[in-house]
2 protein chains.
Amino acid sequence: MGYGGPVAATEVRGGTKARVLDAALASFGTAGFDGTSLDDLAAGLGIRKQTILYHFVSKRGLLNAVVDRVAEDLTGALDRVLAGGQQDWERVDALVRSVFRVALEQPVLLGLLREVSRPNSPGAHRLRGHMDPLMARARLWIEAEMAAGRMRRTDAQLLLLSAYSTVVGVATEIEVLRAAGVGPTLRPVVQRRKELLRFLRSSLDPMS
Amino acid sequence: MGYGGPVAATEVRGGTKARVLDAALASFGTAGFDGTSLDDLAAGLGIRKQTILYHFVSKRGLLNAVVDRVAEDLTGALDRVLAGGQQDWERVDALVRSVFRVALEQPVLLGLLREVSRPNSPGAHRLRGHMDPLMARARLWIEAEMAAGRMRRTDAQLLLLSAYSTVVGVATEIEVLRAAGVGPTLRPVVQRRKELLRFLRSSLDPMS
DNA sequence: CCACTTGTCTACCATCTGGTAAGGGCCCTG
DNA sequence: CAGGGCCCTTACCAGATGGTAGACAAGTGG
């Protein structure tokens with residue numbers, strides 16, 4: 001069967017489940033959920049579709065697992081930043097830079113985020129389950145800062161959502177650029193980061 | 001059959017073809033190409049799927065027609081602006097405002113644009129066929145302005161692609177906001193427009 | 001050594017999909 | 001009124017899709 005027979009049955013050659021997860025992330029992020037067939041996905045891994053279903057029960061289950069992993073990656077990166085001791089604006093700056101770093105290191109991750117951000121998309125609900133607490137937490141922090149006079153008063157939620165969609169929009173930008181045959185996409189992405197930081201600063205910095 | 005029988009055969013009640021086109025635009029833009037089934041689309045219109053295929057030959061044909069219509073709408077709006085006599089920066093400003101106006105009036109249009117901007121997406125190629133000449137035209141104009149010293153020197157193509165993906169990104173933003181239950185989306189979109197204009201101005205205005 | 005669990009496979013299925021073939025009502029024109 | 005084009009329909013199909021059932025190999029623990 002290509003790779004050399006059934007092998008040791010109990011999860012050898014690098015963890016089938018993890019490999020499926022990676023491939024699914026890439027496929028969902030580029031071809032979309034509907035555009036991904038379990039048969040093709042399995043074939044690409046030298047595996048039968050039923051093996052995928054064994055690990056993830058259903059296609060929806062696979063999507064949920066992928067969403068969970070992505071959310072985990074992102075919140076992990078954010079938590080690591082929050083563990084550092086930055087304050088006020090420095091913290092905002094560090095958070096933004098961290099998210100952009102993750103995004104650049106794993107573009108597929110952004111692709112999935114965009115795919116799943118579409119309303120009525122399966123997985124949108126699942127993603128909200130991860131994002132809502134994060135957003136609420138950030139919102140409370142910002143509002144506390146505003147109350148303490150360390151940040152300027154503004155609509156915290158709208159600010160956060162705007163920042164979020166900027167990040168997701170980076171996925172679109174990367175794809176547009178690649179479609180147009182433009183090579184290294186670093187510069188425009190950095191440009192976006194700069195814009196976002198300026199936007200946040202001009203909205204939050206008490207020194208206008 | 002629901003709406004009251006076969007009716008006058010020859011295209012009555014508002015033009016079946018146009019109605020299909022509208023519904024397809026909405027469905028492709030929200031559910032995506034793969035996520036749209038001709039049966040469902042037809043059912044939503046009180047029509048049989050074969051009627052759709054009669055008018056558009058195939059699903060791909062339908063997508064192409066939808067892409068063509070969207071491109072037509074956009075280029076039409078742009079041409080109308082270009083017919084006006086603005087010069088230099090005023091022309092850029094008017095073009096950006098025009099595109100954003102169309103985008104706000106027909107959000108579905110943006111949805112499709114985003115869907116189709118995905119590489120490997122069917123329709124991506126078709127869209128490029130419409131966009132490339134537009135882009136080339138804009139690029140030549142900008143470069144002429146730069147040569148004449150009326151605009152600052154910069155990478156025109158990258159600038160245009162960045163502007164384009166900003167507009168497409170608005171679709172993501174609107175969807176994110178709606179998903180979060182935020183009501184009127186006017187303000188953030190205006191914010192994006194402002195950002196884009198500032199970006200263009202700071203890149204192009206010879207008076208730094 | 002046997003019972004059990006785990007991971008993968010083969011076989012099969014119901015449903016849905018885009019698409020073809022063919023027919024029929026309606027209008028226009030000769 | 002006969003013929004043909006236009007619009008939409010019913011009937012049907014081949015292929016792909018997600019999912020179920022069951023077998024089989026290999027490791028694990030008593």
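The model shown is predicted, which means the values in this text are computed figures rather than measured ones. Only this structure's heavy atoms are used, side chains among them; waters, hydrogens and symmetry mates stay out. Per chain, numbering begins at 1; letters A, B, ... match sequence-line order.
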Which nucleotide in [options] has an atom nearest any side-chain atom of [X]:
X	options	value
B:Leu38	C:dC9, D:dG19, C:dG19	C:dG19
A:Asp40	D:dT9, C:dC9, D:dT17	D:dT17
A:Arg48	D:dA11, D:dG18, C:dC9	C:dC9

- Please identify each residue that fulfils side chain to side chain contact (heavy atoms under 4.5 Å, CB included) with B:Val189, with sequence neighbours left out.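 Applying side chain to side chain contact (heavy atoms under 4.5 Å, CB included) to B:Val189 gives B:Phe100, B:Leu104, B:Val170, B:Ile174.
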- Using the ring pair (Phe, Tyr, Trp, His ring centres under 6.0 Å) rule, collect all pairs that involve residues 21-41 of chain A, keeping only residues at least two apart or in two chains.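 Listed by first then second residue: A:Phe28-A:Phe33.
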- According to the salt bridge (Lys or Arg N to Asp or Glu O under 4.0 Å) rule, which pairs have a member within residues 179-192 of chain A, sequence neighbours left out?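 Listed once each, the pairs are A:Glu173-A:Arg192, A:Arg192-A:Glu195.
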Are OP1 or OP2 of [N] and a side-chain N or O of [X] less than 4.0 angstrom apart?
X	N	answer
A:Thr16	C:dT8	yes
B:Tyr54	D:dC7	yes
A:His55	C:dT8	yes
B:Thr51	D:dT9	yes

Given atom [atom1] of [X] and atom [atom2] of [N], what is their separation to the nearest angstrom?
X	N	atom1	atom2	result
A:Gln50	D:dG22	CD	C1'	12 Å
B:Asp39	C:dG18	CG	C1'	9 Å
B:Lys59	C:dT17	NZ	P	9 Å
B:Leu45	D:dT9	CG	P	11 Å
A:Phe56	D:dG19	CZ	P	14 Å
A:Ile47	C:dT10	CD1	P	12 Å
A:Leu41	D:dT17	CG	P	11 Å
B:Lys49	D:dC7	NZ	C1'	18 Å

- Contacts to DNA chain C from residues 27-37 of chain B, heavy-atom cutoff under 4.0 Å, which residues?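 Result for residues 27-37 of chain B: B:Thr36, B:Ser37, sorted by number.
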Within 6.0 Å of [atom1] in [X], more than 12 heavy atoms from elsewhere:
X	atom1	result
B:Asp155	CG	yes
B:Glu90	CD	no
A:Asn120	CG	no

- Item | Contact residues, residues 61-70 of chain A to DNA chain D [heavy atom, < 4.0 Å] |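 Nucleic-acid contacts, sorted: none.
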- Side chains of B:Pro188 and A:Leu158: does their closest heavy-atom pair fall under 4.5 Å?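 Yes, side chains in contact.
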- Item | B:Ile142 vs B:Leu160, side chain to side chain contact (heavy atoms under 4.5 Å, CB included): CA-CA, chis, key distance, verdict | CA-CA 10 Å; B:Ile142 290 179; B:Leu160 285 167; 4.1 Å; yes
- Looking at A:Phe56, is A:Lys17 sitting on its ring face, NZ or CZ under 6.0 Å from the six-membered ring centre and within 45 degrees of the normal?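 Yes, A:Lys17 and A:Phe56 form such a contact.
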- Task: Using salt bridge (Lys or Arg N to Asp or Glu O under 4.0 Å) as the criterion, list what pairs up with A:Glu115, not counting sequence neighbours.
- Result: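 Scan of A:Glu115 (salt bridge (Lys or Arg N to Asp or Glu O under 4.0 Å), adjacent residues dropped) gives A:Arg118, B:Arg118.
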